[in-house]
Amino acid sequence: MTPLIPNGAEHEVVVTGIGLVAGQLTDPEALFDHIAEGGTLITEHPLHKEWGVPCAVSAHIDPQVRQALADAAPEEAGPLGSAGVLAWHAAAQAWERSGLPRRLDTERGGVFLACNRMVMEPAELTSLAAHVDHEAGALDLDGYLEHLDGPAAPDAAGAAGGLDPQRYEKIQPDSATAALADYFGAAGVLETHADACAAGGMAIGSAYRYIRSGTLDVALAGGAESLTTLTAVTAFYGVGALAPAQGREPAQISRPFDKDRSGFVIGDGAAFLVLESRAHAEARGARILAKVAGYAGVTEAVKMTSSTRDGSDYAECIRAALGDAGLAPEDIDHINAHGTSTEANDTCEAAALHTVFGARAATLPVTGNKSAMGHSLANSGAAEAVLSVLSLERQTLLPTLNFAEPDEVTSGLDIVTERRPARVTAVLSNSFGFGGQNCSLILAEAG
């Protein structure tokens with residue numbers, strides 16, 4: 001567990017900028033409004049269908065949007081992979097909205113990026129296989145790297161380009177971290193998080209701790225993911241995590257906390273927040289959107305794809321975040337749930353909510369954003385933090401799509417099913433990842 005820093009003289013941490021890209025949408029307010037109206041980002045993925053994936057749907061980035069974002073990245077960004085392009089847009093948007101100067105040029109700024117390592121795709125595996133001596137069981141790594149450094153070979157269709165010599169640099173998540181830090185002059189602390197589905201929340205939580213302790217004044221924190229690819233989709237389907245279509249329309253497949261849930265829908269996206277100490281933000285006259293009131297990161301090792309079914313490990317994480325914030329369960333007005341739509345996660349999370357909040361769980365509104373935007377893995381916690389900031393600003397709760405009927409464990413929760421005006425002063429945002437990576441953030445009114 002991340003050590004607690006006692007409340008008292010520490011610096012208050014506030015949010016001064018937010019940025020996001022998801023589906024066809026390229027700003028946070030557009031996504032909030034889209035979900036508020038019952039809209040979804042989940043559609044059929046033409047390549048998934050061609051690949052024969054049983055659930056050929058995802059919340060992928062529109063190809064034209066992705067190309068436009070790539071074209072807009074400045075030359076100083078250097079080579080950006082698919083996730084890096086998304087990260088750059090969301091981070092630059094959050095930075096610009098914060099009103100900070102283009103460059104900090106101080107060691108009291110940092111960048112915290114969540115992004116799981118990209119995986120090799122079929123063309124790359126084919127190229128790699130050509131350098132394998134199967135009889136000797138050896139890989140000619142030097143030959144393979146020389147091949148990558150040479151002129152790009154034609155691709156399967158005969159077009160120039162083929163393998164990208166800069167591919168390795170592009171798929172390294174920390175390349176984007178370093179590029180952002182250099183561009184914005186915020187290289188005091190650089191962290192790249194790959195804590196599975198909790199990485200986005202963990203990145204924000206780590207940045208929060210650095211500012212709260214007085215080590216940093218400013219941090220750019222968020223996540224980016226681009227894994228709606230053949231290798232990633234095949235892997236997640238292989239472990240039983242992806243939802244089969246079962247005759248449903250794409251928009252109906254992701255069903256957090258519903259008794260008929262059967263797995264998650266994978267997605268792409270990026271989201272960033274600019275965090276500052278309140279003193280730093282107020283000194284420059286910044287508009288404060290919200291504050292990060294508390295955070296906890298907990299690691300457990302029950303099972304690769306699920307936690308204890310009684311929710312005790314998740315409950316421990318939630319209670320630790322409450323303790324870090326100096327809040328009691330009754331101080332939370334809204335829960336932005338991890339809510340993946342898998343049988344295991346939603347069971348564990350629902351049990352944890354019943355454990356921590358007791359009888360009040362029946363009247364404490366719960367939203368599952370992944371019902372509309374799919375599960376963007378390392379980015380999901382960051383995107384949900386951005387949406388939580390907007391819920392605080394607008395005093396509005398987003399709906400959980402496709403929730404019709406609970407099961408025995410998810411019953412007794414107040415699952416929000418349509419846009420709901422509400423008095424919101426503090427939001428608990430959960431992220432519980434594969435491999436036992438658990439994270440809870442508490443975001444609160446700016447005050």
**Q** Please confirm whether the backbone N or O of P406 pairs with a side-chain atom of T410, one donor and one acceptor, at under 3.5 Å?
**A** no
**Q** Checking S341 side chain against R255 main chain: does a donor-acceptor pair fall under 3.5 Å?
**A** yes
**Q** Working to the nearest 0.5 angstrom, can you tell me the gap between D324 CG and E10 CD?
**A** 9.5 Å
**Q** For A176 versus G84, what's the shortest heavy-atom pair and its separation?
**A** CB-CA, 4.3 Å
**Q** Check whether any side-chain heavy atom of E282 lies under 4.5 Å from a side-chain heavy atom of V14, and answer yes or no.
**A** no
**Q** Test: ring-ring contact (aromatic ring centres under 6.0 Å, His included). Region: residues 371-421. Which pairs qualify, not counting sequence neighbours?
**A** F264-H375, H338-H375
**Q** Determine whether the side chains of N336 and T367 contain a donor N or O and an acceptor N or O closer than 3.5 Å.
**A** no
**Q** Quick one, T363 and D414 - any side-chain contact, counting heavy atoms below 4.5 Å?
**A** no
**Q** Dump the intermediate steps for side-chain contact (heavy atoms from CB on, under 4.5 Å) on I335 and L413, then the final yes or no.
**A** CA-CA 11 Å; I335 296 169; L413 297 178; over 6 Å; no
**Q** Between H354 and S411 (side chain of the first, backbone of the second, donor and acceptor by atom type, cut-off under 3.5 Å), is there such a pair?
**A** yes
**Q** Assess, by modelled atom type and distance only, whether the side chains of T215 and S213 contain a donor and an acceptor separated by less than 3.5 Å.
**A** yes
**Q** Could you measure the distance from the CG atom of D258 to the CD atom of Q252? Nearest 0.5 Å is fine.
**A** 11.0 Å
**Q** Should the pair R108 and Y210 be classed as cation-pi, given the thresholds of under 6.0 Å to the six-membered ring centre and 45° from the axis?
**A** no
**Q** CG of L443 to OG of S391: how many Å apart, nearest 0.5 Å?
**A** 10.5 Å
**Q** Compare every heavy atom of A372 with every heavy atom of G39, then report the nearest pair and how far apart it is.
**A** O-CB, 3.6 Å
**Q** Got D260 and S262 here, is their nearest side-chain heavy-atom distance under 4.5 Å?
**A** no
**Q** Is it the case that the side chain of D182 and the backbone of A179 share a donor-acceptor pair, with hydrogens and angles ignored and the cut-off at 3.5 Å?
**A** no
**Q** Is S312 close to E300 at the side-chain level, that is, under 4.5 Å between some pair of heavy atoms?
**A** no
**Q** Are I253 and C55 side-chain neighbours, meaning at least one heavy-atom pair lies under 4.5 Å?
**A** yes
**Q** Please tell me if the side chains of P329 and L322 come closer than 4.5 Å, counting only heavy atoms from C-beta onward.
**A** yes
**Q** Going through the checks in order, is the side-chain contact (heavy atoms from CB on, under 4.5 Å) test met by L441 and Y208?
**A** CA-CA 10 Å; L441 289 169; Y208 152 78; 5.9 Å; no
**Q** How far apart are the closest heavy atoms of P399 and A36, and which atoms are they?
**A** CD-CA, 4.0 Å
**Q** Check L377, N379, T228 against D268 for a side chain to side chain contact (heavy atoms under 4.5 Å, CB included) and give me the one that passes.
**A** T228
**Q** Quick one, E445 with R423, criterion salt bridge (charged side-chain N to carboxylate O under 4.0 Å, His left out). Give me CA distance, side-chain angles, the key distance, then yes/no.
**A** CA-CA 11 Å; E445 280 188 307; R423 180 73 182 108; 2.9 Å; yes
**Q** Can you see which heavy atom on L289 is nearest to which on E393, and at what distance?
**A** CD2-OE2, 3.5 Å
**Q** Residues in side-chain hydrogen bond (donor to acceptor under 3.5 Å, both in side chains) with E96, at least two apart?
**A** none
**Q** Checking side-chain polar atoms at under 3.5 Å, does S226 have a donor or acceptor matched by the opposite partner on R66?
**A** yes
**Q** For Y295 and S206: C-alpha separation, side-chain torsions, deciding distance, then whether side-chain contact (heavy atoms from CB on, under 4.5 Å) applies.
**A** CA-CA 9 Å; Y295 158 71; S206 185; 5.6 Å; no
**Q** Closer than 3.5 angstrom, by distance alone: can the side chain of S380 be matched with the main-chain N or O of S376 as a donor-acceptor pair?
**A** no
**Q** Between K370 and D346, is the closest basic N to carboxylate O distance under 4.0 Å?
**A** no
**Q** So how far is it from D313 CG to I318 CD1, rounded to the nearest 0.5 Å?
**A** 11.0 Å
**Q** Closest heavy-atom contact between H60 and S58?
**A** ND1-OG, 2.7 Å
**Q** When rounded to the nearest 0.5 angstrom, what distance separates OG1 in T396 from CG in L387?
**A** 12.5 Å
**Q** Does a sphere of radius 6.0 Å around CD in E418 hold more than 12 heavy atoms from other residues, nucleotides or ligands, not counting ones at 6.0 Å or beyond?
**A** no
**Q** Please confirm whether the backbone N or O of P101 pairs with a side-chain atom of W95, one donor and one acceptor, at under 3.5 Å?
**A** yes
**Q** Counting only heavy atoms not in E330, do more than 12 sit closer than 6.0 Å to its CD atom?
**A** yes
**Q** For a quick test of reading the model, state the closest non-hydrogen atom pair linking S429 to A385 and the distance between them.
**A** OG-N, 4.3 Å
**Q** Step by step, would you call R261 with D407 a side-chain contact (heavy atoms from CB on, under 4.5 Å)?
**A** CA-CA 10 Å; R261 65 188 183 278; D407 61 21; 2.9 Å; yes
**Q** With side chains defined as the heavy atoms from C-beta onward, is the minimum distance between F184 and V111 less than 4.5 Å?
**A** no
**Q** Check the orientation of Y314 and F432. Use parallel for under 30°, tilted for 30 to 60°, and perpendicular for over 60°.
**A** parallel
**Q** Taking atom types as modelled, is there a side-chain donor on T347 or E343 under 3.5 Å from an acceptor on the other?
**A** yes
**Q** To the nearest 0.5 angstrom, please state how far the CD atom of E44 sits from the NZ atom of K49.
**A** 4.5 Å
**Q** Could you tell me whether the side chain of H11 and the main chain of I211 form a donor-acceptor pair under 3.5 Å?
**A** no
**Q** How about V292 and R212: do any of their side-chain heavy atoms sit closer than 4.5 Å?
**A** no
**Q** Tell me which donor-acceptor pairs under 3.5 Å the side chains of residues 15-29 have, and how far apart each pair is, sequence neighbours excluded?
**A**
from: T16; atom 1: OG1; to: E276; atom 2: OE2; distance (Å): 2.7
from: Q24; atom 1: NE2; to: D62; atom 2: OD2; distance (Å): 3.3
from: D27; atom 1: OD1; to: E29; atom 2: N; distance (Å): 3.1
from: D27; atom 1: OD1; to: A30; atom 2: N; distance (Å): 2.8
from: E29; atom 1: OE1; to: R97; atom 2: NH1; distance (Å): 3.1
from: E29; atom 1: OE1; to: R97; atom 2: NH2; distance (Å): 2.9
from: E29; atom 1: OE2; to: R97; atom 2: NH1; distance (Å): 2.9

